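So you know, we letter chains A, B, ... as the sequences are listed, proteins then strands, and number each from 1. Only heavy atoms go into these numbers, but all of them, side chains included; no hydrogens, no water, no symmetry mates. The structure displayed is predicted, hence computed values, not measured ones.
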Protein chains: 2
Amino acid sequence: MILTADWVLPISSQPLSKGAVMIKEGIIQSVGRRDSVLAKYPKQQVKDLGSVILMPGLVNLHTHLDYTVLRGLGDDLIFFPWLSNLVRKSRSLDYRELLLSAKLGALELLAGGVTTIADTTATGASLEAATELGLRGIIYQEVFGLDVNQLNYTLNKAQRNYENLKSQAGERLRVGLAPHATYSVGRDLFRRLDQLSQAEGIPLCTHVAETQEELDCLLAGRGPLATDYRRAVGWQDIFWKPPRQTPVKYLADLGVLSDRLLAVHLVHANQEEFEILAEAGVKVAYCPKSNAKLGSGIADLPAMLENNLLVGLGTDSAVSNNSLDLFSEMEFGLLVQRAEQQRAKAVTAQEMVELVTIGGARALGLAAEIGTLEPGKKADLTAVKIDNLANQPVYDPYSTLVYTASSRDVIMTMIDGEIVYQGGPEFGEQYLKEVRELKKKIETGE
Amino acid sequence: MILTADWVLPISSQPLSKGAVMIKEGIIQSVGRRDSVLAKYPKQQVKDLGSVILMPGLVNLHTHLDYTVLRGLGDDLIFFPWLSNLVRKSRSLDYRELLLSAKLGALELLAGGVTTIADTTATGASLEAATELGLRGIIYQEVFGLDVNQLNYTLNKAQRNYENLKSQAGERLRVGLAPHATYSVGRDLFRRLDQLSQAEGIPLCTHVAETQEELDCLLAGRGPLATDYRRAVGWQDIFWKPPRQTPVKYLADLGVLSDRLLAVHLVHANQEEFEILAEAGVKVAYCPKSNAKLGSGIADLPAMLENNLLVGLGTDSAVSNNSLDLFSEMEFGLLVQRAEQQRAKAVTAQEMVELVTIGGARALGLAAEIGTLEPGKKADLTAVKIDNLANQPVYDPYSTLVYTASSRDVIMTMIDGEIVYQGGPEFGEQYLKEVRELKKKIETGE
């Protein structure tokens, strides 16, 4: 099958006006100008998508699909009260409810052009949802634990959960481990998880340097994450000595920085730390809207890029964003840098589009398979319509995607050559009644 | 006619779940719970809009519709090179082309739920477009001029242009005068325009404290706006003495700060200046995305609100945004404050929705007519659908509007009780061919 479009964005090369992509058995065979692709494959069936930008499927490099149904709860809270609220609300949901919640998120992603995710889950619900709905990516089993006396128990449980997820994962999904954060995972546990990762080739993911509170906790054993948070999770009596180091340096000294690690946030990290991370090959998820909404701050994306870190873009969960919309995330992620740095070139639209395609693919070790439109790669595609008033005229498709396009303009999402979304209000409609009922239950209080 | 909806947002009072608005001859008669409104008017025709948020039509407090077709040109330029680029490109367009451009913008606004605008035009094209398409608001005739020898000529021309626009304006539009900026309008010209405004009750609008370059120019007669800009517009030989004051203090000393003035931007203004502006009754247009995109900085919205300034939200033009989407503007305008101030309560979703409704209405002196849903006000309404995956579930309609809704979710826009937009890809379609042709002309060079 040949798909033709007003614009084709290979990412690996210049945008093609009147382009085409030839696909066979879920693999891209050829990408080029419409005329030349049609001439090369004269007998192929041709589907013209018309006035769209056809591009690689988007990669959302940080999500917690389990929490989607909590979208908008705790809107005006800073990090710690927000976290307590999340812990309390999410504990009130049973697995069936979390699964519905994760499906709502997965459907929103597909409808918004996302084909690949890096998701962190405590329960496995997001894995079941992503498997059922056919998403690609890595699902990380979340691990918490500060108590050295519980070390073996926690490790064994993490390993069992990991094996369990692995046995259930769809063929497009890998399973990883996610030590939650520097303040919620003990030294030895973090090291042992890293050893396990190294021994078995398991990808890792952790939240790092997200908030000033995290720095206060690590540097001085002070602040809400050292006190209130521990009380809230029942850890008030556990002995924990603050490392008196910043999160990045602490992890560096633990020896757990490697190219197997995806570090999420890095809002409070500096040039020296970016160099340490780049040297170790650590991947980074930039989550600008979540960082803004929780009042955490602005991660220095231009510095990350200058240090050649492998960066992608993540929405984080619907509780801290509140949308899973990578178009809005690209726009915010660019504009907030220009606003803060007072430099119009702080980041360009093309760089933002690269973050959500090849950037995310590289960060997940999937760059050989996805992230650009090139022969031999998997046919994971997104088509974004541009014939609406708000997107016209189009001088530069990168600019259109970042500054004017909306997730609502996605008219088709394809994974492995299979159409998984093709517009229409009926998409996912069957779940909305249940979602509304669950919302009522949450609202009226547990 | 009675419109019913899952949510009605009067703004002046709490959101109503299962609400209704009764309209007669373009005027709101009643707003309340569905059951009580239906009981009060049992014989009225009822139209159920279903799963939508029904709210006042949005107010876009700063636009330059003339420039819409230049959307995305000059994307990575800071203020001065961007301005030069804009001047050059816009001068290459004739009136018929500017009118098409302005219509594209006006249609985008209607499709995005906007019913009222404050637009600045050099040519009057936006006035013709807004008149034809039925928008409400104020269209300001832009005035430039530093040369005291040209004072009377410039004033007479401004007055003629003003009278000319006034004679052509639709009944929903007022006409105002817009001295362009502190660095492009001379002292005497600014004073005389203010006197004219006072004598004839003409609203005024000006760009103030937008960039650091403006401060450099006023405080020290230095920087690109004092040198390159003047050369670019042929003013290099005009004598102009820098006031050695900040833009706000300069305007205060000129005596032109009054409740007739809408001040746009105020990125580089401080607490003392906000107090001066509030004392004078000056209105403010906050344009966060434009300020970000051009690398101008972040205006201190929380401080403006704390000083009780009358503030609304503006997109600025499609050349500096690039969209005219107030939903995206609300989200960015809130998140950028939280990111910078590292305070999750810096601004709330409800405050942002107030900015685009009653805030904008107050700033334009239209609060008695529009901006809330209350009996006696004009039936300017917007319906935003919420039954899509990305908006579900809805716990708080303010949160949904700011964080997850998109301009694409607007399914109906009404002005004076008349439906001016009701969805569908065919809306404005007849202009798109011409827009594409004009784009080609612009692209291939004048």
Who among [options] has the most heavy-atom pairs with chain B under 4.5 Å?
options                : result
A/T404, A/V336, A/L335 : A/L335
A/L334, A/I298, A/L109 : A/I298
A/K439, A/Q341, A/E108 : A/K439

Tell me, out of B/A390, B/G428, B/S407, B/G72, who's got the most heavy-atom pairs with chain A below 4.5 Å.
->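 Looking at each option in turn, the highest pair count goes to B/A390.
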Can you tell me how far the [atom1] atom of [X] sits from the [atom2] atom of [Y], to the nearest 0.5 Å?
X      : Y      : atom1 : atom2 : result
A/L389 : B/E429 : CG    : CD    : 9.5 Å
A/F427 : B/N388 : CZ    : CG    : 12.5 Å
B/T68  : A/Q392 : OG1   : CD    : 12.5 Å
A/D75  : B/Y398 : CG    : OH    : 13.5 Å
B/S406 : A/D409 : OG    : CG    : 7.0 Å
B/R408 : A/K385 : CZ    : NZ    : 8.0 Å

Contact origin within [X] toward chain B - heavy atom pairs under 4.5 Å:
X      : answer
A/F79  : neither
A/V394 : backbone
A/E331 : side chain

Proximity of residues 289-297 of chain A to chain B, residues having a non-hydrogen atom under 4.5 angstrom = A/K289, A/A292, A/K293, A/L294, A/G295, A/S296, A/G297
Chain B contact residues among residues 318-328 of chain A, heavy-atom distance under 4.5 Å | A/N321, A/N322, A/S323, A/S328
Taking B/D76 as the fixed residue, which of A/R343, A/Q350, A/R338 is the one that meets the side-chain hydrogen bond (donor to acceptor under 3.5 Å, both in side chains) rule?
->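 The residue from A/R343, A/Q350, A/R338 that satisfies side-chain hydrogen bond (donor to acceptor under 3.5 Å, both in side chains) with B/D76 turns out to be A/R338.
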Check the surroundings of atom CD in A/E437: do more than 12 heavy atoms from other residues, nucleotides or ligands lie under 6.0 Å from it?
-> yes
Heavy-atom distances under 4.5 Å only: say whether B/A405 touches chain A with side chain, backbone, both or neither.
->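 For B/A405, backbone heavy atoms alone lie under 4.5 Å from chain A.
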With a 4.5 angstrom heavy-atom cut-off, could you sort out which part of B/T211 is near chain A: side chain, backbone, both or neither?
->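 Looking at B/T211, nothing touches chain A.
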Heavy-atom closest pair (B/I442 atom, A/Y395 atom, distance to 0.1 Å) is CD1-OH, 3.5 Å
B/R436 versus A/P393: any side-chain heavy-atom pair under 4.5 Å?
-> no
Could you walk me through whether B/E340 and A/E340 pass the side-chain contact (heavy atoms from CB on, under 4.5 Å) check?
-> CA-CA 8 Å; B/E340 186 184 54; A/E340 186 184 55; 5.8 Å; no
